[in-house]
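When a residue number appears, it is its place in the shown sequence, counting from 1.
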Amino acid sequence: MEQDRELIEISGVVSAVIYQNEENGYTVLKLNSSDGDSVTAVGCLPFAAPGEQLILFGEWTRHPTHGEQFKAEWAERFMPSGAAAIYEYLASRVVRGIGPALASMIVNSFGDNSLDVIEKHPEKLAEIKGISLRKAREISESFRRQTGLRRLMEFMYQHKLEPQIAMRLYQYYGEAALDLVEENPYILCSELIGAQFAEADALALDLGLEGDAEPRIAAAIVFELAHNSNNGHVFIPRDKLTAATAQLISVGTELVTAQLDELIERGEIVEEQVASCRACYLERLHEAESYTAQRLAAMSGIAEENSVDVDSLLERIQREQGVQYAPLQRQAIETAAKRRVMVLTGGPGTGKTTCVRAIVALYEKLGLETCLAAPTGRAAKRMSELTGREAYTIHRLLETGYSKETGLQVFKKDESDPLSCEAVILDECSMVDITLMRGLLAAMPPECRLVMVGDADQLPSVGPGNLFLDVIRSGKIDTVRLTEIFRQSGESAIVRNAHMINRGEHPNLTENKNGFFFLRRREPAQAADTILDLCSRRLPENMGIPAADIQVLSPTRRGELGTVALNRRLQERLNPPDGQKKEKRFGEVVFREGDRVMQIRNNYDIMWRKADGSGSGAGIFNGDIGFIAAIHPNEERLLIDFDGRSAVYGFDMLSELEHAYAMTVHKSQGSEYRAVVFSACRAPQMLLSRGVLYTAITRARELLIAVGDDAAVDYMIDNHRQTRRYSGLRARLAGEV
């Protein structure tokens with residue numbers, strides 16, 4: 001928790017609670033301050049109620065609708081004293097089971113001692129007519145729960161930790177939370193709670209844990225594996241893991257080695273020889289990779305027996321769809337007919353979509369119930385448009401949820417409740433990580449077929465693993481790589497230049513025709529101005545492309561040409577304040593009605609309804625794009641439309657959103673846009689790679705305009721160094737484990 005800056009202090013008594021979110025404690029209340037003023041205060045103040053005394057530490061802010069508010073970052077809280085204040089507190093229903101009538105009876109019976117009786121002597125409550133001993137105990141339990149959370153939050157503040165962490169701890173561990181944290185502070189950085197390792201480590205050292213204590217070393221090892229899984233690694237080589245952990249917490253490698261062996265003995269970490277590497281896995285990632293390899297290997301050995309003449313079927317499908325399949329396309333379709341699992345890959349313009357349409361038609365004629373799936377909502381929508389069949393996100397197909405016990409995603413569909421289909425066609429496979437693939441395979445019935453479709457040269461998944469490339473490189477799964485660029489696609493400079501860049505060749509950036517343009521602006525400020533002008537004036541007015549059909553992409557979030565700065569300026573230009581649109585300020589960001597926004601983490605609990613009333617569901621996922629349809633300040637909520645799905649967000653959920661006028665290339669994977677404006681700017685070397693440039697260009701359907709420094713483009717083409725991902729799937733499929 002940041003406490004270096006000076007916080008303002010105010011104190012007073014709560015007069016009314018306007019809004020309270022029980023999940024995270026976010027509260028809006030009225031405070032009768034000691035200065036005699038009525039103040040609106042907001043912050044994490046769980047179970048706040050009228051009559052309670054508060055000392056708040058924070059700063060004054062201005063709400064666009066409600067005016068001046070005090071944003072509390074921390075609070076010292078005092079239970080009400082005196083019969084009148086206690087009655088007001090209890091009558092507010094803050095304690096479950098007590099309303100105004102019962103509050104009056106309790107205060108009349110016990111006066112100033114009412115709260116002490118509720119907490120410590122519930123049997124005395126049962127002396128009041130109408131309160132059974134069971135109800136008295138339930139009331140006492142509810143009250144003790146609140147006081148337990150207060151003590152936990154005070155503990156958090158003393159150790160400079162965010163109050164939201166206390167909410168999560170109490171949500172999962174209840175009254176035992178404080179004891180558990182004091183016993184093992186490293187539960188804070190578990191996936192369940194989500195604090196940073198440095199925060200948990202600082203607390204542990206504050207509490208007197210020795211620097212070389214076994215729990216500290218064990219937590220650091222697990223943290224290194226979990227942290228690196230967020231960077232795409234499924235495992236870490238043993239020597240690198242011990243060295244990184246020793247450096248992280250400044251202990252000797254021999255101590256790390258000893259504790260690593262203990263974790264392996266307990267089964268929390270799995271060590272296995274993968275090819276020439278001693279690989280260390282988190283248990284769940286080892287299971288996901290092993291299961292995926294076993295299932296794919298088993299499927300690869302099965303040839304399908306078809307009672308129909310596949311050649312005749314293909315001739316019929318060609319006539320119906322009015323196409324003539326090229327040899328490689330025909331090979332792909334025949335492979336889909338004959339094998340249980342296959343891979344179809346190829347760059348833009350090589351006919352993957354034509355093949356997918358044909359495979360869908362083929363499976364239909366074979367009488368197979370087929371599911372179409374993709375990793376993102378945008379990719380699923382595009383698949384639906386191209387095939388004329390409904391496609392689902394993998395999350396929706398598997399009915400994804402969230403486990404409060406583990407803090408991880410869980411799937412309702414699995415071996416015990418499989419999908420009701422006989423074939424799955426999975427698009428944009430380069431985006432699929434090892435855990436999501438494991439979930440899909442587990443939900444597929446034993447006889448189900450799988451067609452994996454994607455561009456192997458695009459960026460790998462955000463999550464752990466390098467699944468699509470590993471499957472292809474293993475040589476164990478039938479793979480058809482389409483290489484012929486068809487005439488119509490070949491006329492597109494986007495397609496032609498994408499293939500040139502993928503081969504490491506430098507296209508002529510001065511050609512500027514057939515949908516591919518480069519505007520040299522070597523000064524960042526000039527480049528940013530050009531990008532704004534393209535989106536707001538030149539493309540809408542001169543080419544008839546509305547701003548809603550234009551997506552700005554950048555390799556980086558930082559700098560004048562990064563997504564943060566571009567989003568701020570694009571919002572000013574494309575959706576300026578006009579007095580009619582409601583706004584909500586969140587930190588340094590202003591969300592406004594009409595803004596294009598993106599969900600930046602998976603949230604399995606957000607409920608949505610289709611705008612046409614045809615259905616509803618739960619879950620908005622990382623990368624989903626929508627626009628703010630309405631802001632309701634009095635109700636502290638926004639209404640966001642995600643491609644026809646309407647979802648309600650409380651103001652406390654705004655940390656899950658960011659503007660999406662500009663987005664990073666990584667976030668754009670799986671999507672296609674009518675026009676892409678690419679910010680060709682200087683950025684860290686790992687972001688200026690050929691794969692990033694290739695992925696950015698292939699997001700554009702009709703028009704690609706790169707704006708910026710041609711030296712940056714040249715550098716990206718020449719930089720084909722790929723950061724190695726530690727993954728054992730290829731070796732497992734190839735029998736090297």
Side-chain angles (χ1 to χ4, degrees), residues 1-2 7-8 10 12 14-31 39-50 52 54-77 92-96 145-150 152-157 161-172 177 193-195 402 404 582-591 597 599-601 603-607 620 628 630-640 647-658:
M1 178 176 173
E2 183 185 348
L7 297 179
I8 300 168
I10 65 169
V14 178
S15 61
V17 174
I18 299 167
Y19 171 82
Q20 193 159 72
N21 185 308
E22 291 187 7
E23 288 293 315
N24 59 24
Y26 178 79
T27 302
V28 181
L29 56 79
K30 286 290 185 183
L31 190 76
V39 173
T40 299
V42 300
C44 184
L45 299 162
F47 302 119
E52 184 178 357
L54 301 177
I55 300 177
L56 302 179
F57 302 88
E59 60 186 5
W60 291 101
T61 61
R62 177 159 291 279
H63 189 280
T65 302
H66 302 301
E68 193 171 54
Q69 295 181 337
F70 190 81
K71 183 180 179 183
E73 297 191 15
W74 188 253
E76 290 183 14
R77 304 173 63 170
S92 71
R93 302 183 187 277
V94 68
V95 179
R96 186 167 296 167
R145 179 172 181 265
Q146 296 178 28
T147 55
L149 178 56
R150 288 167 186 264
L152 181 61
M153 295 188 76
E154 288 167 7
F155 177 83
M156 292 286 114
Y157 180 67
L161 292 163
E162 296 287 349
Q164 288 80 3
I165 297 174
M167 287 295 298
R168 290 196 292 272
L169 278 166
Y170 210 84
Q171 182 180 358
Y172 295 115
I193 304 303
Y402 178 80
K404 289 190 175 182
K582 296 185 181 69
E583 299 180 348
K584 168 61 182 172
R585 177 173 288 279
F586 184 77
E588 299 299 314
V589 179
V590 174
F591 290 101
V597 292
Q599 175 77 10
I600 58 173
R601 74 174 183 86
N603 188 320
Y604 309 102
D605 298 324
I606 298 177
M607 301 301 297
I620 301 293
I628 300 176
I631 297 177
H632 301 286
N634 293 333
E635 300 171 30
E636 300 277 334
R637 64 187 181 92
L638 300 83
L639 190 66
I640 303 180
V648 175
Y649 280 63
F651 282 0
D652 56 294
M653 297 165 62
L654 292 178
S655 62
E656 299 186 17
L657 295 172
E658 62 182 35

Which residues share a ring-ring contact (aromatic ring centres under 6.0 Å, His included) with F70, sequence neighbours left out: W60
Heavy-atom closest pair, residues F651 and H632: CZ-O, 4.2 Å
Distance (rounded to the nearest 0.5 Å) between Y19 OH and R637 CZ: 10.0 Å
Distance in Å, K71 NZ paired with L7 CG, rounded so as to fall on 0.5 Å steps: 11.0 Å
For R62 against E68, the heavy-atom pair lying closest together: NH1-N, 3.9 Å
CG on L56 to CD1 on I8, rounded to 0.5 Å: 11.5 Å
Backbone N/O of L45 and side chain of T27: donor-acceptor pair under 3.5 Å: yes
Any residue meeting ring-ring contact (aromatic ring centres under 6.0 Å, His included) with F591, in chain and number order, not counting sequence neighbours: H659
Closest non-hydrogen atom pair, L638 against L654: CD1-CD2, 3.4 Å
Qualifying residue for side-chain contact (heavy atoms from CB on, under 4.5 Å) with Y649, from L639, I631, I628, I606: I606
Nearest heavy atoms of K582 and P633, plus distance in Å: CD-CD, 3.6 Å
Contact summary for A166 and M156, nearest pair of heavy atoms: CB-CG, 3.6 Å
Whether S15 side chain and K30 backbone form a donor-acceptor pair below 3.5 Å: yes
Residue pair R601, E656: steps toward the salt bridge (Lys or Arg N to Asp or Glu O under 4.0 Å) verdict: CA-CA 6 Å; R601 74 174 183 86; E656 299 186 17; 2.8 Å; yes
Heavy-atom pair with the smallest gap, counting every atom of I600 and S655: CD1-O, 3.5 Å
Spacing of E73 atom CD and E59 atom CD [to the nearest 0.5 Å]: 5.5 Å
Spacing of CD1 belonging to I640 relative to CD1 belonging to I620, to within rounding of 0.5 Å: 8.5 Å
